[in-house]
Amino acid sequence: MSPMTALGNQLRATLYLASRDAYVKGALALPALMLLPTLVMHAWDGGRGYVTVTFEYTFAGLLDTAVVFGTAFAVSGLLQHGWDHHGWRASVVAEGGRAGFVASHVILAGVLACALTLWACLLGLVVAVVPGVAFDGTPLPELFALTFVRLLVGWAFAVVCLVFSVGGRGLGWTIVVTYLITRGALGSTLKWVLFLVTGFARVDVTEALLDPLMLHGLVESFAITDPVRFFALPLVYLAASSALFYLRVMRSDA
Amino acid sequence: MAASAIKTSGLSKSFGRGAVRAVRDVSLEVPAGSVFGLVGKNGAGKSTLLKLISGLMRQDAGTVSVLGRQLRPCESDPRLGVLVEAPGVYGRLDAFENLMNRALVLGLPDPHRACREALAAVGLDERTAGDGRRRLLWPRGTYVDDLSSGQRQRLGVALALLGSPEVLLLDEPLNGIDPAGAAELRDLFARLSRERGVTVVVSSHVLSHLERICTHYGIMRGGALTRTLTAEELADACATYLMLRVDAPERAVAVLAEELPGLTVRVLPDDALRVSAPGGGEPDRAVLSQVLLAAGIAVTELSVSRPDLEAELVRAIDGAPGEKDR
């Protein structure tokens, strides 16, 4: 069996698992649940102006929930289910083994990021046709660009979360890790540590050095100020976290 | 097919920074097509050894070859079917879905059919129920988490059988399974070895099951493989023998070796003599007594023992320290 066939088999199995996993279904439900109160409030307001729903703001929220948080939540949860009763042994004792397991999960994260992006766009369309929703007038190419950046960031964060989910520690761990990482807590902690360390030397490296490297910074604003950084940084994170995920899986007992 | 289905050399594994040496320098050869029984007390290292062979765990030292191919640490061979400690399952999927996942990983051409056959092989297929309707032994949609331990164990065996593996590594595969089901599965393992040449390595504490199917045995104690023997050697060890107590054991051994060279005489730690005849028959008590008396050796006690295989295995597992062959 060729390595590509083996990887194809592992990927088919992982997609099969994902199609049945509660975490993935949860990730699909989350943006809809997030949107519901916004629309209810908007309907209750009835155009009186107490509540203003802006399309761009709501759409960005949908992307953050569905793609950035949702993808990480879904793949971390799936990994956690695999670890619970050693279900991942099915992938280990096979052609491709652990490497196939890692590759299929990284690819699955990308597939889910795409699927959840589409789902968020569909929900965004629902928002767009609701009467009374305000538009800031963001040009369509810019909307596409920020959507694509969030897709890449969601994929990269999902693989970072996979690194921390190896070993499987339950639903609580999955939620906390996913939330903290996708909210940029990991980067903030690193910044604080470096700030404290370098503070003694009276050198501030956080602004100049670290801020441009923070993945979470890419989804904090609407504007794509530095296109190369916005598209390349998530890919660098993706490659680095995939390598770390591989190392962790190779060192884990199944 | 390689002469050895599994070959390990100097395999070692420790836990807790070397505090617990679970597997110590194990060099083992499992003949292809054999049913190899791995026996030992709890904590002897059987499960860890099977995990190392199957690539589920990384060894500290040593090598593993499966069907002539040397594996890298943590690498597994797809020709293995594995059930170690507990079935590796997704608890929030049903049995069929777990099998489907494995079938997809293996790239089986007709996964649905393969899953149904695997379920049938372990007795979890469609059965005619009391009301005359055919149905699965457990309904689709029941999470594996909600199954009994016996059902889960059967599923574990089904997962190991999927894809017609050439080598089966089974750790306590009959745990929690009802007696009739255990006998069925035991016979299935023997049949797979006999008819399809599958090599089966099975560890179990139920020695009565092992003695019915095993062609070879490996005995583990304290992480080390202390002894390997064939079923024939074990049967020889189970031959009827005489237990003698004499006033001069060392001289008695020499006299018997000279006068009755066909007999095997062993001195046990308590200075009793264990005398057995070739072919497992009972040594002639009268002749034995006459020879010893003629040499001036007094026989103070004489009894006949007929050990069974299970008792002999237990003796081998326990080790009888200090016992030596003469």
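Just so it is clear: chains get the letters A, B, ... in the order the sequence lines come, proteins before strands, and each one is counted from 1. Basis for what follows: all heavy atoms, side chains included, without hydrogens, waters or symmetry-related copies.
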Problem - Per-residue contacts, residues 95-115 of chain A versus chain B, heavy atoms under 4.5 Å - result: A:Glu95, A:Arg98
Practice task
Pick one of side chain, backbone, both or neither for B:Leu80, based on which atoms fall under 4.5 Å of a heavy atom in chain A.
Solution key: both
Handout entry: CZ (A:Phe148) with more than 12 external heavy atoms under 6.0 Å
Key = no
Exercise for the section: Please report the shortest heavy-atom distance between B:Met100 and A:Tyr16, naming the atom on each side. Expected result: CB-OH, 3.4 Å
Handout entry: Whether over 12 other heavy atoms sit under 6.0 Å from B:Arg113 CZ
Key = no
Practice task
Report the option among B:Val82, B:Val105, B:Asn98 that has the most heavy-atom pairs separated by less than 4.5 Å from atoms of chain A.
Solution key: B:Val105
Exercise for the section: Check A:Asp253 against B:Met57 and note the closest heavy-atom contact, atom names and distance. Expected result: OD1-CG, 3.4 Å
Practice task
Report yes if some heavy atom in the side chain of B:Arg58 is under 4.5 Å from a heavy atom in the side chain of A:Met250; otherwise report no.
Solution key: yes
Practice task
Check each atom of B:Val84 against the heavy atoms of chain A and say whether the ones under 4.5 Å are side chain, backbone, both or neither.
Solution key: both
Practice task
Decide if atom OH of A:Tyr179 counts as having more than 12 heavy atoms of other residues, nucleotides or ligands within a radius under 6.0 Å.
Solution key: no
Problem - Selection from B:Pro165, B:Gly107, B:Pro111 maximising heavy-atom pairs under 4.5 Å formed with chain A - result: B:Gly107
Handout entry: A:Met1 atom CE: more than 12 heavy-atom contacts under 6.0 Å
Key = yes
Practice task
Report, by ascending residue number, the residues of residues 83-92 of chain A in heavy-atom contact with chain B at a distance under 4.5 Å; give 'none' if the set is empty.
Solution key: A:His85, A:His86, A:Gly87, A:Trp88, A:Arg89, A:Ala90, A:Ser91, A:Val92
Practice task
Specify the closest pair of heavy atoms between B:Pro78 and A:Ala94, including all atoms of both residues, with the distance to one decimal.
Solution key: CB-C, 3.9 Å
Practice task
Could you tell me whether the side chain of A:Val93 reaches within less than 4.5 Å of the side chain of B:Leu56, counting heavy atoms only?
Solution key: yes
Problem - 4.5 Å side-chain heavy-atom contact, A:Leu15 and B:Leu104 - result: no
Problem - From CZ (A:Arg20) to CD (B:Glu97), nearest 0.5 Å - result: 5.0 Å
Problem - Heavy atoms of other groups near B:Lys13 NZ, more than 12 under 6.0 Å - result: yes
